[in-house]
**Q** 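The structure under discussion is supplied below as structure tokens; questions concerning it will follow.
Both counts, for ligands and for their atoms, begin at 1 and track the order of listing. Reckoned from all heavy atoms, side chains included, excluding hydrogens, waters and symmetry mates.
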Amino acid sequence: MNTRVEEALNDQIKKEASSSQFYLAMASWAEGNGLNGTAKFLYKHSDEERFHMLKLVKFVNERGGVAIIPGLETPPKEFQTLENVFQLLLEHELGVTESINNLVDVCLQEKDYTTHNFMQWYVSEQLEEEALARTILDKIKLIGNDKGGLYLLDRDLETSAIQPAVGPAAQA
Ligand code: FEO
């Protein structure tokens, strides 16, 4: 496997692992603050990021590279508000998108079209994740200090279509 591409893929493995940890910390905070629907949503999102990481690990190994499993960094355990949580989540996703775009660029520079093709799944996934984070953040801003609105949003996050894609759709 091309060394530059392998390094970039391993860097992405680290970013997906750190996303999973970050969202797990957010989920735990939400659970501790009575936001059970939000917690469920974030636990799922954390699982999804782990799946993103695994998909990369398997790809690197299958293509004759060596996947590097990163150590864990401790994410924050306190967050100011729910708005703060989703603001951080959106910013984090924007950083991940930038990193994926860089990785795609490295593939093109190194003429690794197989990895380039593989990465298209991540490019689409980022579009969805950014849109989802923005939608939720907009709703939170709209709700403001309305406790009833917050209750409904938390319930929606538990039961409605506002869910990250996990399962067969995410594994396409
Ligand atoms: Fe795997 Fe949310 O990026």
**Q** Rounded to the nearest 0.5 Å, what separates atom CZ in R4 from atom CG in L103?
**A**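 So the gap between those two atoms works out to 10.5 Å.
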
**Q** Report the atom name of the nearest N/O/S atom of E129 relative to atom 2 (Fe) of ligand 1.
**A** OE1

**Q** Nearest N/O/S atom of H52 with respect to atom 1 (Fe) of ligand 1, by atom name, please.
**A** ND1

**Q** Verify, without hydrogens or angle tests, whether E93 (side chain) and Q126 (backbone) share a donor-acceptor contact under 3.5 angstrom.
**A** no

**Q** So, does N10 use its side chain to make a donor-acceptor pair with the main chain of I68 at under 3.5 Å?
**A** yes

**Q** Any N/O/S of E125 under 2.8 Å from atom 1 (Fe) of ligand 1?
**A**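 No, E125 does not qualify, because none of its backbone or side-chain N, O or S atoms lies under 2.8 Å.
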
**Q** With a cut-off of 2.8 Å, does E16 put an N/O/S atom close enough to atom 1 (Fe) of ligand 1?
**A**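 An N, O or S atom of E16 is closer than 2.8 Å to atom 1 (Fe) of ligand 1, so yes.
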
**Q** Restricting to N/O/S atoms, is E93 within less than 2.8 Å of atom 2 (Fe) of ligand 1 or not?
**A** yes

**Q** Please name the pair of heavy atoms, one in Q120 and one in H116, separated by the smallest distance, quoted to 0.1 Å.
**A** NE2-O, 3.0 Å

**Q** Can you name the N, O or S atom of E49 that is closest to atom 1 (Fe) of ligand 1?
**A**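 In E49, the N, O or S atom with the shortest distance to atom 1 (Fe) of ligand 1 is OE1.
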
**Q** Keeping Y122 on the side-chain end and H52 on the backbone end, is there a donor-acceptor pair under 3.5 Å?
**A**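 Looks like yes, one N/O pair under 3.5 Å.
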
